[in-house]
Each structure stands twice: as structure tokens, then as C-alpha cells.
Undergrad: 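Questions regarding the structure given below will be posed in turn.
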Amino acid sequence: MKKFTIGAALLTMMFNGANAQNLKSPDGKFEMNFQLKNGVPVYNLKYNGNVVVEDSKLGLRLFKDSSIKFASEIAKPEDASFDLNNGFTKTAEKRDSKNETWQPILGEKKNYINNYNELALTLNQTSSDRSIVVKFRLFNDGLGFRYEFPQQKNLNYFVIREEDSEIDFPTDMKAWWIVADYDSQEYQYQTTKISEIPTQWSKAFDSNASQTLVKNAVQSPLMLKKEGKEPLYVNVGEAAVLDYPASHLEVDAQNFKFKTHLTADRQGAKGYIQTPTVTPWRTIIVAPKAEDVMDSKMMFNLNEPTKYKDTSYIKPTKYMGVWWEMIIGKSQWAYSTADNVHIGEDFSKLTPNGKHAANNTKVKEYIDFAAANGFGGLLIEGWNTGWEDWFGHSKEFVFDFITPYPDFDIKMLNDYAHSKGINLIMHHETSGSATNYERWADDAFKLMNKYGYKSVKTGYVGDIIPRGEHHYSQWTINHFYRIAEKANDYKIMVNSHESVRPGGESRTYPNWISAEAARGTEYEAFGGNKPDHQTILPFTRWMGGSMDYTPGIFQTKLDYYFPGDKRFVQTTLAKQLGLYVVMYMPLQMAADLPENYAKHMDAFQFIKDVAADWDDTKILSAEPGDYIHTARKAKGTDNWFVGGVTDENPRDFTVDFSFLDKGKKYEATIYEDGKDADYINNPQSYKIYKKTVDSKTKLPVHLVRSGGYAISVKPVK
């Protein structure tokens, strides 16, 4: 018996060994191992010989039929025979490698390096005679993998019940996370151990305009840290989410394991698939330093180069906006006092409410200030009819995107703006009615072309129409890219709000230059953002693309407008300046009211000077949830900008200018928290001074709690 057992074990080891493949990163530090365990695909990942990801299963569960019927979302035992997660044998393997340098249209560096080794394994499920390909790419900063479905007799059309890609960690790491939701990412970040996520989960969210929570699941990108003498930072995300739902991460808190959870439609289906096709990439970025995780461009590298023939119209833009005064409640988007309106009616016959912000006089004042201070764009929200009952009614025909309110002369204002060197930025709020927007998109973009609008801010506040879809379901993901492609037809750049988070897709769709997809500055006027919020976002939301965070609020106390109001922006003024460097924003807003900048023109000078696109970026020092210090070189110049922010704790930091060219002198203008500054008690205290620096200079700076600094560095001529 013993002899048989040993022999059987040896045969099993030999069988598994014959089905095991490994892949190493170009620098040899990472090793990925794959094998079939009793027909189940399994992978693991090591870094410098140490296990980062333990054996983790791969596969998908499918519905029985490609046509979903009533109650078919309820799984039955017999349905398991249709799944693609077991019973496999390896029938082929293919290896490849690439080492290329490519230039993003807009980016944090002039050149991105795409260097990986690849392993593609063809797996055949004998019982159904269906084949899939599992493809791995191992970079010097981590692993990406996806599923590929070749067209074949027994796998032409299918519907995904769930994707079950696992990431099983060996230790209980520190995690920075937000709750999973099919419709929103606008939540405060939590900092706990993986094991503590379930106990904290129910306290980790507030209400949202559209909300479909996934209990005990979190969103990606997810930032993790193995603490101790040899810390390791891990970022889990996804890239190239195209014709597929966005995913979340179910938490197995006891085993420190995560599993994909795809966004469903109202029938419970996760994805309607026609072969040949591929899934998004699952990404695991790993580094011993937090700075190296922030510096990773893996998500962009996993996306395909753009097929756009003309990208010359895609340019970084610094803009102001008729926006913040509505957010804080000083003005309104709506023109009239009515609460029930129909698109096409004569709005001039309605009673004006007296608080409509997008009026000719006010817009001209904004244009004058923006032009006088060197800005290129001005966003105007609430210019078009329909805002009186735009939200909360599941109203499909809510806007037509072409009809201005009676007090907004679209031709006159565009002519006036162009005479001052300003391009107005269009605003298309859809109220979640994506079907309505698609019907009007051509007419809306033609109107933009007629009046010389270069970019549009889209919005998706509220539940998605078609009803039953979600912001991150397959249909809506496809809608976002249909709009991006149509905008490209009209040479228009897109800045989306309430959309899906980016996963490096700007490489393929470079006119989708920015998105919100997280809790931005507007929440400072709603529920507030904690002081550590901006020190986490660059490790999570920013990993796959730019965010329109809308910083630059100088008047942080809202009781300035409304005596007794307790709301306030939870940063110092100097931290608001630091955000322009820490956060990459090629569409860069100065969000406050012109009159507030007029009171602090010395500090406003940094916002006027700072670049919006870059040739180089250096992450000087960073720790998620604590602090970030970043230096960036402006595109096409020798000017550098440095910025730093901290959480609720005051900190001292020494800026090492060794990134500057040796032998050259530079003039540095430093914008720093004042000695008596405090984000609660004295947020507008700051000091500004100049200093000559070179590559040997080490400059100490002090950051008060929720404070920051910004430095403009220009060569001495």
C-alpha cells in the first residue's frame, strides 16, 4: 500500500511537472509558474525568489445558453458542465518578448518603455472540445494575464456568468481600498488589513446618486503593502477593459485571497461574447518601493497603440470653469423656477430663478479673467435647457445638447472667447441617459465644430438608461468608447465624469484625455475628503490614467459664502498648489472663483506657471496614505516643477534637486505652508520665496497637517 501510494505520488508529480511552465521577467527578478492541477489552471508569482502570489486558480463560469432566460441567473448543478475552469489539457505553448519605447500623445514622460516576456498557453477542455488561451506577460514591474477565445466550432457565442481569476496572497497585508459598486467609485478610502475588510466594509460608504454595492468586495486598482523589515508594495488592477464589464475583487479575508467579480446587467449576465475575442488584462504590479509602483506604466503598455490617423488636435489644456459656484450652492445650473420641463418648449416664457450661473454677463467675466491670466479654456455648465428636472426621474429625453437657455448667447460668447484666445469647453451631462446621448451625439458634436469647441466634459450622474444597465456593465463600457470614437470623428477631446475608471486605454483612445471616476474635489463641498485622500489616489485611481480632480480651491472655508456653514476643503492653500504636480492632469482646472484668486495673485502665479504635460517625472518619495513628493519636467522645456502633499500629520522633507542638469543654475520659487498654517484653523497661511538652486541643492520644506508645497524651477539665463 505504501509502495503504491509513493508511486502514485510520483506519477502525479511527473504529470504535473509535464504540465508546468515558467516565465521570467526580462531582468530575472520575477518568475511566474503555471500548471494544470487535475485539469484546473493555476499560476503563482515570485519576486527575488520569494512568493508574492500563491497558487491561484483561473477560469470562467458560463451560462448554459447564449440567450438568457428568466431566472437563468440562478446557478444549477448541471450548469457546471458549461464552465471553462476545469478539465483542461495543454495542447500548445508559444513564447514571445518585446522591448520597445513608445511616445504617449499626452503623458507623464516623453517615452514609455514596454519590455516583457510572454507565454501563451492553449488549453483544451476535452469533454466539450473547446479551447482557450491563457496569456501571461511578465514585466520588470509585475505580471499581466488575460484569457483569449479563438473562434471555433464549439465556442462561437457564449455568456459569462462570472470570471473566477484568483489572486491569493501568502500574508495579511495592509490594504487601501474602497467598497465595490457597479455604479460609483466616489468613496472615501479605507486603510485596514485584508483580514479586516469585512468588518469595516459596512461602514465604508455613504450614499451616492447611483449605487449598486457588492458586499465584502472592493474596487481596483487596489493598493497593498507587506510590512516588515523587507516591505513589498503590490497593486492589483485591470487594463484594456474593452467590450467587457469592469471588475471588482471579492475578498476572502481568512485566506488573504481576492477573486474577480464582474459587473452584471439586470439579467445577472456579466458579458455577451462572440469569438474571436479577448478579456481585459488582470494586473499585479510589485515593487520594494512605493515610488516604483507609482512609476509603473504597465497598464498603458498592456493596451494597443492607437489607430487614430490624426492626433494633432489632442493637446493639454489649462482651464477655469463656471462650476464651483454651483457645487457650493452659490448659483444654479437651472434657469427657471419650473420643476417639470419638456425639451423643445419655449424656456423664455418660464420664470427665471435669478441664480442661473451660465448667463452672458457672468460668462464674459470668467472669460476676461481666464484670458488675462493665460488660460486656454473655460468650462461652462448649465448652458443648455433641461436642468430644472434633470435628475432623479429616470427621464430618457432629458437634454438635447444643442439648445441654450435664453440668457446664454452661444454665438456671441464663443466669438468673444475666441477674440480673447479662449476656447469654451462644452458640457454634456446625460443624467445617465446614455441612449439619449447617443441619439444626439452627432448633432451635439456638429454644434461644437460650428462654434469652435475643442473638448467636452461628459457626465453620467444617476442610474444608467437603458434601465437595468450599470455604469460599469459591458453595454455602458461600450457606450463610453462609442462616444470617444465619435468625438474623434469630429476632432474633439473627451473628459468624462461618473464614467468607468481608466486602465491605460488612453494609449488606444488618446482623445479620451481625462476622467473623474473617483471622489474628486466636488466632494469637499458634499461629505468632505479626508486629508489622506490625495495621498492614496495616485496609487489607485491614477494607475491607469489621468483624473479630472479639479484642484485649486483657495477659499477653503464655505462659511465665507454662507455664515455658519461648517463645510470646508480639508487642505491648506499650499497643498492645493502641490496637487498640480502630485496629480497628473493634462486637462488641468483652476476650480475656484476668479475673485478668490484675485485676492492671492502671488500664490495663483504657480497655477499660471505649472505645466499640464510632461517630458519626465521623478517620484522623489512616497508612502500611500501618508505623503507624496514628485518632480516633473515640463514638455519641451527645461522647466521643472516639484510638489508635495501630506495627510493629517505634519512632516518635514528635504527636496533633493539631483534630477537637475549638472553645471546649470536654476531659479526656484517656493510656495510653502506658513509657520502658523493649519488646514482647519488657518488654511490660507503660506509663504513664497526664491532661491538659486542646482543639482547639488538640498532644500528643507515643512508641511503642516494636510499641507503641502509647490516649487517652480526655471533655468537662470
Undergrad: Establish, from distance only, whether the side-chain atoms of Ser331 and Lys355 form a donor-acceptor pair under 3.5 Å.
TA: no
Undergrad: If I take atom OH from residue Tyr689 and atom CD from residue Glu672, how far apart are they, to the nearest 0.5 angstrom?
TA: 5.0 Å
Undergrad: Mind running salt bridge (Lys or Arg N to Asp or Glu O under 4.0 Å) on Arg705 and Glu648 for me, showing each step along the way?
TA: CA-CA 5 Å; Arg705 57 179 187 156; Glu648 69 278 6; over 6 Å; no
Undergrad: Look up atom CE in Met493 and atom CG in Leu587, then write down how far apart they are to the nearest 0.5 Å.
TA: 7.0 Å
Undergrad: Lys575 and Gln534: side-chain donor and acceptor closer than 3.5 Å?
TA: yes
Undergrad: Under 3.5 Å, is there a donor-acceptor pair between the side chain of Thr571 and the main chain of Ser706?
TA: no
Undergrad: Is the backbone of Val569 close enough, under 3.5 Å, to the side chain of Lys557 for a donor and an acceptor to pair up by distance?
TA: no
Undergrad: Do Phe539 and Tyr233 make the cut of ring centroids closer than 6.0 angstrom?
TA: no
Undergrad: Go through the steps for Ser247 and Glu238 under the test side-chain hydrogen bond (donor to acceptor under 3.5 Å, both in side chains), then give the verdict.
TA: CA-CA 8 Å; Ser247 71; Glu238 62 180 343; 2.9 Å; yes
Undergrad: Could you pull out the closest heavy-atom pair between Phe554 and Asn596, with the gap in Å?
TA: CD2-O, 4.2 Å
Undergrad: Name the residue from Thr572, Thr646, Asn682 that meets the side-chain hydrogen bond (donor to acceptor under 3.5 Å, both in side chains) definition with Asp673.
TA: Thr572
Undergrad: If you count the non-hydrogen atoms of other residues, nucleotides and ligands that lie under 6.0 Å from NZ in Lys193, is the total more than 12?
TA: yes
Undergrad: Applying the side chain to side chain contact (heavy atoms under 4.5 Å, CB included) criterion to Leu620, which one of Thr630, Thr654, Val642, Asp656 satisfies it?
TA: Val642
Undergrad: Say you draw a straight line from CG of Asn529 to OH of Tyr523; how long is it, rounded to the nearest 0.5 Å?
TA: 9.0 Å
Undergrad: I'd like to know whether NZ of Lys599 has more than 12 heavy-atom contacts from other residues, nucleotides or ligands below 6.0 angstrom.
TA: yes
Undergrad: Is there side-chain contact between Glu522 and Glu516, with heavy atoms separated by less than 4.5 Å?
TA: yes
Undergrad: Check the pair Tyr187, Asn208 against side-chain contact (heavy atoms from CB on, under 4.5 Å), reporting the backbone distance first and the verdict last.
TA: CA-CA 9 Å; Tyr187 297 111; Asn208 197 278; 4.2 Å; yes
Undergrad: Can you tell me how far apart CH2 (Trp323) and CG (Asp592) are? Round to the nearest 0.5 Å.
TA: 10.0 Å
Undergrad: Does the Glu186 side chain pair with the main chain of Arg519, one donor and one acceptor, at a distance under 3.5 Å?
TA: no
Undergrad: Please name the pair of heavy atoms, one in Tyr189 and one in Lys530, separated by the smallest distance, quoted to 0.1 Å.
TA: O-NZ, 2.9 Å
Undergrad: Measure from the side-chain N and O atoms of Asn353 to the backbone N and O of His356, and report whether any donor-acceptor pair falls under 3.5 Å.
TA: yes
Undergrad: Taking all heavy atoms of Asp615 and all of Gly636, pick out the closest pair and write down the distance.
TA: OD2-N, 2.9 Å
Undergrad: If the plane angle is over 60° it's perpendicular, under 30° parallel, otherwise tilted; pick one for His248 and Tyr472.
TA: tilted
Undergrad: At what distance, to the nearest 0.5 angstrom, does OH of Tyr366 lie from CG of Leu378?
TA: 8.5 Å
Undergrad: Is any side-chain heavy atom of Phe568 closer than 4.5 Å to one of Ile553?
TA: no
Undergrad: Strictly distance-based, threshold 3.5 Å: is any side-chain N or O of Glu108 a donor or acceptor partner for the main-chain N or O of Arg632?
TA: no
Undergrad: Given side-chain contact (heavy atoms from CB on, under 4.5 Å), test Tyr597 with Ile607 step by step and report yes or no.
TA: CA-CA 10 Å; Tyr597 291 133; Ile607 299 178; 4.2 Å; yes
Undergrad: Could you walk me through whether Asp647 and Tyr627 pass the side-chain contact (heavy atoms from CB on, under 4.5 Å) check?
TA: CA-CA 6 Å; Asp647 61 356; Tyr627 56 85; over 6 Å; no
Undergrad: Under the side-chain contact (heavy atoms from CB on, under 4.5 Å) criterion, do Asn235 and Met543 qualify, and how do the steps go?
TA: CA-CA 9 Å; Asn235 185 276; Met543 293 299 293; 3.8 Å; yes
Undergrad: Decide whether Lys608 and Asn373 meet the rule of one side-chain donor and one side-chain acceptor closer than 3.5 Å.
TA: yes
Undergrad: With a 4.5 Å cut-off on side-chain heavy atoms, are Gln211 and Asp183 touching?
TA: no
Undergrad: Using only atom types and a distance under 3.5 Å, with no angle test, would you say the side chain of Asn495 pairs donor to acceptor with the backbone of Trp512?
TA: no
Undergrad: Within the 4.5 Å heavy-atom criterion, are Pro502 and Met299 side-chain neighbours or not?
TA: no
Undergrad: How long is the straight-line distance from CG of Leu222 back to CD1 of Ile178, given to the nearest 0.5 Å?
TA: 10.0 Å
Undergrad: Quick check: do Lys618 and Trp640 have side-chain heavy atoms less than 4.5 Å from each other?
TA: yes
Undergrad: Which residues pass the ring pair (Phe, Tyr, Trp, His ring centres under 6.0 Å) test with Tyr709, not counting sequence neighbours?
TA: His629
Undergrad: Does the plane of the ring in Trp333 sit parallel, tilted or perpendicular to the ring in Trp387? Use 30° and 60° as the thresholds.
TA: parallel
Undergrad: Using ring pair (Phe, Tyr, Trp, His ring centres under 6.0 Å) as the criterion, list what pairs up with Phe369, not counting sequence neighbours.
TA: Phe604
Undergrad: Does the side chain of Lys633 come within less than 4.5 Å of Asp638's, by heavy atoms?
TA: yes
Undergrad: Please check if the side chain of Thr283 supplies one atom and the backbone of Gly237 the other of a donor-acceptor pair under 3.5 Å.
TA: yes
Undergrad: Short question: side chain of Glu524, backbone of Gln570 - any donor-acceptor pair under 3.5 Å?
TA: yes
Undergrad: Checking Arg541 side chain against Gln185 main chain: does a donor-acceptor pair fall under 3.5 Å?
TA: no
Undergrad: Do other residues, nucleotides or ligands put more than 12 heavy atoms under 6.0 Å from Lys289 NZ?
TA: no
Undergrad: Cut-off 3.5 Å, side chains only: do Asp613 and Tyr584 have a donor facing an acceptor?
TA: yes
Undergrad: Measure across Glu429 and Glu498 and return the closest heavy-atom pair with its distance rounded to 0.1 Å.
TA: OE1-OE1, 4.1 Å
Undergrad: Flag the pair Lys457 and Glu381 as a salt bridge only when some basic side-chain nitrogen lies within less than 4.0 angstrom of an acidic carboxylate oxygen.
TA: yes
Undergrad: Between Ser296 and Val293, is there a donor-acceptor pair closer than 3.5 Å when you use the side chain of the first and the backbone of the second?
TA: no
Undergrad: Classify the side-chain pair Tyr686/Asp602 by whether it contains a donor and acceptor separated by less than 3.5 Å.
TA: yes
Undergrad: Can you tell if the side chain of Leu106 reaches within under 4.5 Å of the side chain of Lys635, non-hydrogen atoms only?
TA: no
Undergrad: Answer yes or no: is there a side-chain heavy-atom contact under 4.5 Å between Val234 and Ile285?
TA: no
Undergrad: List for me each residue that meets salt bridge (Lys or Arg N to Asp or Glu O under 4.0 Å) alongside Lys315, sequence neighbours excluded, and say none if there are none.
TA: none
